[in-house]
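First the structure, in the form of structure tokens, and then the observations on it.
Every chain is numbered from 1, with letters handed out A, B, ... down the list of sequences.
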Protein chains: 2
Amino acid sequence: MAYRAPVSEFRFVFDHVVGIDRVSATETFAEATPETVEAILLEAGKLCETVLAPLNREGDKVPARLENGVVRTSPGYAEGYRAIVEGGWVGMAADPEFGGMGLPMALTTAVNEMMGAACLALQLNPLMTQGQIEALEHHASDAIKALYIPKLISGEWCGTMNLTEPQAGSDVGALRSRAEPKGDGTYAVTGQKIFITWGDNDFTENVCHLVLARLPDAAPGTKGISLFMVPKVIPREDGSLGARNSLQVVSLEHKLGLHGSPTAVMQFDGATGWLIGQENKGMAAMFTMMNNARLGVGMQGVAVAEAAFQHALAYASERKQGRTPLGAGAIIDHADVRRMLAQMKAEVFSARAIALACAVAIDMGRATGSTDWQARAALLTPIAKAYGTDIGNEVAQMGIQVHGGMGFIEETGAAQFARDVRVTSIYEGTNGIQAMDLVGRKLMDGGEAAYRLLQEVEDHAETARSRQPDLANDLWNAAEALREGTEWLVAQGADDRNAGAVPYLRAFARVLGAHYHLKAALADEARLPLARVAIKRLLPEHTGLLAQMREGSAGLYALTPEALAS
Amino acid sequence: MAYRAPVSEFRFVFDHVVGIDRVSATETFAEATPETVEAILLEAGKLCETVLAPLNREGDKVPARLENGVVRTSPGYAEGYRAIVEGGWVGMAADPEFGGMGLPMALTTAVNEMMGAACLALQLNPLMTQGQIEALEHHASDAIKALYIPKLISGEWCGTMNLTEPQAGSDVGALRSRAEPKGDGTYAVTGQKIFITWGDNDFTENVCHLVLARLPDAAPGTKGISLFMVPKVIPREDGSLGARNSLQVVSLEHKLGLHGSPTAVMQFDGATGWLIGQENKGMAAMFTMMNNARLGVGMQGVAVAEAAFQHALAYASERKQGRTPLGAGAIIDHADVRRMLAQMKAEVFSARAIALACAVAIDMGRATGSTDWQARAALLTPIAKAYGTDIGNEVAQMGIQVHGGMGFIEETGAAQFARDVRVTSIYEGTNGIQAMDLVGRKLMDGGEAAYRLLQEVEDHAETARSRQPDLANDLWNAAEALREGTEWLVAQGADDRNAGAVPYLRAFARVLGAHYHLKAALADEARLPLARVAIKRLLPEHTGLLAQMREGSAGLYALTPEALAS
């Protein structure tokens, strides 16, 4: 069962659902013409189908391993990495000044989805480097930019992010790694970091670690954190490699999935580092990068969901079992199998459309400086991340279910999707934290950005009423219920908002998904059956979700730890 | 993190929720006095905590393997098995005439839950044997009974079920294995069977395979299937072991979970077998056994959910991260973590209560011969199986989420619960098939058994109105909506029923769960907060579920295979 890159689907969503024409109409992204978009998608799609997808099972079976302090990567990963690099995909969003393609985030996000669907464990490597390039572009000195970014774009070097420590996970502010000024403009960085994705490899000549650490006498918490570039090998000014830095991989984790991606415990022992951005402003710098990384992770969820859906659809189309209402056909003709496949496809469409709408908002915010677009991007980011990865998990689990007993056998491949995608709901901020970001920071404008988006949904539903009265009506009512739910939420204190955050985020995704499905169906009648699945079958969940949200926190805290343990 | 057997919880559910007093009031189960129930639970609980639970990680890390045709089991499993046997737990439901304890299914189900929570991979072995004992008690000749059952109860031998073939999974009627009469009353059984749980081991002296096969000139489909006992070693009449039979383990599967449980491909080459029950009535014999096995599998889901909940609760009670609304406490005090733990506990209670109510109905049906009780048992069985295993998966996944990044690391143990429990939604009839059984066979009485149960729920809600008006009102309304949904369903054709089967089953479980939670809260006020979680947060899902159910099949079939693939 081979992965097929959904190139025409991206073009449809770009053109008819999220309006990429607005992006290419800006001066910043004027080069992203329809022809360029088409060419990029086709070329990246080919790479994913022919080079990356065949590596996926291999990396699962032969995990990356640590041998005498050296990380050995899975069979074929070095070649896969080189193919990604040679296609220019690491630097596709990067500034052309340093050798990047300067493509809009919408297109980058689509390409990242295809790479993630083909081989998520390997895709994580360029995804981390993309984030690092972005952080450097925004916060590094000109000298650092000139030295590092071209090497990162060329793929000679790659990048990591070092945030987590054993006692500092979601609470980054609890980190203890220290950085002492050495008097020559550099710093000695010391500490242990865990969960470092692609902490090392055997196919790039350098690994550039962005490390969060504390300067001496820094304030406690997040206000005393600074960001440092700590390369594995210290580069000379001309970019050639000098001495080995004082850092090492202590161990690799034994994980549920993503076996091809080495997740390292990193030890820094007075390693030489360079300050990125201002002292004690490390969190701000990290957040620039993390915001887009969250979209990237959301798209990883969509990626695996797409791959798992294709895989299950192929099986259901071939496997014969019992008489179906349509005769002795394949199991796809059993109503309940059809139901699962329909839901899988509907979720993938919804999550992809939300993620690409978020990417378009990021591009428009950047190209136009419009605060409205920036607020739209900020609002959609936690939804894209949490909903995309939630359905990544759900669709992969349904993929196993469609396979029946074969789904439990590893050789089938269905289980790997579920194992690999599992962490996407956790890293880059757990989905609970995404939801709290949505109901906290993202509604701090009194809900203005949310109401503006819901107004668009309702206006669209009004317009659609003449052609699809039933669907338009359901959508309008759900959007209105969500608006009322938002009004309720905005009026609550933090505890009640947080208690309702996860169901609220999901209800929001249900409404947005229905909105994009209806847009698609109006543009192409062949998409009406799928839109009906999303609107008539899935959208009604919003009622239960909003009811749960309105319960607030009192009932949860009434269930004491003692009551939970009894 | 050690497993703690929920002995007092079982006693509470028995006494205040499912009414085990009715069972012990029958002549058949008169010995199941409160004192006996208490003693049984305590003794089994101790075995699970001290002997079985420590084997769980070990079996995952060192899977059963095939060496030169011999299955080598995981470290400690032989000792664990012996402890189960010595406690008499294999034969706890079996007829005392053959050495069994003759305990009611309610108690057996509770003990099986604890064994499954402690070590699911090993628990599968006695679970299969229990099913075989039951099949033999109902369908075997006196000679076979006398020869096999005592050995199965003593654990010297164990039992398997051989149904599936590569082309015959959910469609058992497609099987091709043959049985030819040898003229001496025995049969030569030939064919390949797959997915045979505990197909062999290195700690019992015999393995007794119940095999479905076709006699010469048998009708096609399920009407031409007969059941045979095909032992690994052919016993002499006195029970001593004779010649090796012509069967072998071809290979063991490489599975997502349950690594300690050897899942075999079995090859029968003219192996000697004995007919069990009548010719061509193999499916009926198999169904007797499978019905109770489905309850057993449903309880496996509850078992893993309980274990995963305890594991996550312990972590959340210790792990400190960030400021919580209650201060710098553990993450259990974050509203969203509390929400997850609350939902996990509420689901476990609901699923366990449904399963034990089903077990009580089985016991009452058997002890009194009442067709009402038998219909109640038949109605609850697919709900107990599908809902129990669905929440087994969901709770295990939430357990990973509560652990954050640590949940993705195998050493933590949270991921193993999710991997192990995954197949329970698939084997013993996929959950889709359970739902179709519910809306098909189990509503063929025109919904009578369902309406009778819903009447009890509504009557109970009426009674509860004076003490808990809000909760009682929600429950009554939901039960009424489910009744109307049932009326709608009964009036539809098979395709529409099947299309709505899964959401209907879940809605039914939501209403029953709320019903049992309310009963618990009325019996013990300390349980009110958890009942509120179930009724105010989870029960409202029934609206979306019933809306989905009413969509029927037309919309699904409108989404053609071509549209799904496009």
Side-chain angles (χ1 to χ4, degrees), chain A residues 164 169-171 195 253-256 313 317 321-322 325 332 335-336 338-339 341-342 345 400-401 404-405 407-411 415 422-423 425-427 430 432 435-436 495 498-499 501-502 526 529-530 532-533 536-537 540-541 543-544 547-548 551 553 555-559 561 563-565, chain B residues 164 169-171 195 253-256 313 317 321-322 325 332 335-336 338-339 341-342 345 400-401 404-405 407-411 415 422-423 425-427 430 432 435-436 495 498-499 501-502 526 529-530 532-533 536-537 540-541 543-544 547-548 551 553 555-559 561 563-565:
Chain A
T164 304
S170 298
D171 181 13
F195 297 159
E253 302 291 356
H254 174 215
K255 309 192 301 297
L256 173 62
L313 178 63
S317 303
Q321 201 67 184
I332 190 175
D336 190 59
R338 187 75 64 100
R339 178 190 64 79
L341 292 167
K345 191 175 175 81
I400 293 176
Q401 196 69 19
F408 198 58
I409 307 299
E410 285 289 0
E411 283 74 9
R422 185 62 189 86
V423 74
S425 311
I426 295 170
Y427 62 24
T430 67
M436 282 186 264
D495 293 353
N498 288 339
V502 164
L530 192 64
R532 287 193 67 86
V533 168
K536 303 302 287 185
R537 290 172 185 272
E541 290 176 8
T543 316
Q548 188 182 158
E551 279 298 299
S553 62
L556 293 178
Y557 288 112
L559 190 64
L564 282 167
Chain B
T164 304
S170 297
D171 182 12
F195 297 158
E253 302 291 356
H254 174 213
K255 308 191 301 295
L256 172 62
L313 178 63
S317 302
Q321 203 65 184
I332 190 176
D336 191 59
R338 187 76 63 101
R339 177 190 63 80
L341 292 168
K345 190 174 175 80
I400 293 178
Q401 195 70 19
F408 199 56
I409 308 299
E410 285 290 359
E411 282 75 9
R422 184 62 189 85
V423 74
S425 311
I426 295 170
Y427 62 24
T430 67
M436 283 185 267
D495 293 354
N498 288 340
V502 164
L530 191 65
R532 287 193 68 85
V533 168
K536 303 301 287 184
R537 290 172 185 272
E541 290 176 9
T543 315
Q548 190 182 156
E551 279 299 298
S553 63
L556 292 177
Y557 288 111
L559 190 65
L564 281 168

Pick whichever of [options] has the most heavy-atom pairs under 4.5 Å with chain A.
{"options": "B/Arg422, B/Arg532, B/Glu253", "answer": "B/Arg422"}
{"options": "B/Leu556, B/Ile426, B/Thr430", "answer": "B/Leu556"}
{"options": "B/Ile332, B/Val533, B/Val502, B/Asp495", "answer": "B/Val502"}
{"options": "B/Glu551, B/Lys255, B/Arg537, B/Gln548", "answer": "B/Arg537"}
{"options": "B/Asn498, B/Val423, B/Asp336, B/Thr543", "answer": "B/Val423"}
{"options": "B/Ser425, B/Gly432, B/Ser317", "answer": "B/Ser425"}

Is B/His254 close to A/Ile409 at the side-chain level, that is, under 4.5 Å between some pair of heavy atoms?
->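 Of all side-chain heavy-atom pairs linking B/His254 with A/Ile409, none is under 4.5 Å.
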In terms of heavy-atom proximity below 4.5 Å to chain B, should [X] be classed as side chain, backbone, both, or neither?
{"X": "A/Arg339", "answer": "both"}
{"X": "A/Ala435", "answer": "neither"}
{"X": "A/Tyr427", "answer": "neither"}
{"X": "A/Leu313", "answer": "side chain"}
{"X": "A/Leu341", "answer": "both"}

- Query: Where the side chain of B/Asp171 meets the backbone of A/Gln321, is there a donor-acceptor pair that is under 3.5 Å apart?
  - Reply: no
Worksheet item: Is the backbone of A/Leu559 close enough, under 3.5 Å, to the side chain of B/Arg338 for a donor and an acceptor to pair up by distance?
Response: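 Yes.
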Which atoms of B/Ala342 come close to chain A, meaning under 4.5 Å heavy atom to heavy atom: side chain ones, backbone ones, both, or neither?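 Looking at B/Ala342, backbone and side chain both touch chain A.
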In terms of heavy-atom pairs under 4.5 Å with chain B, the winner among A/Gly555, A/Ala547, A/Pro529 is A/Pro529
Counting heavy-atom pairs under 4.5 angstrom with chain B, the leader among A/Gly407, A/Ser553, A/Ala499, A/Pro325 is A/Pro325
For this session: Please report the shortest heavy-atom distance between A/Tyr557 and B/Ala335, naming the atom on each side.
Result: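 In terms of heavy atoms, the two residues are closest at OH-N, 3.1 Å.
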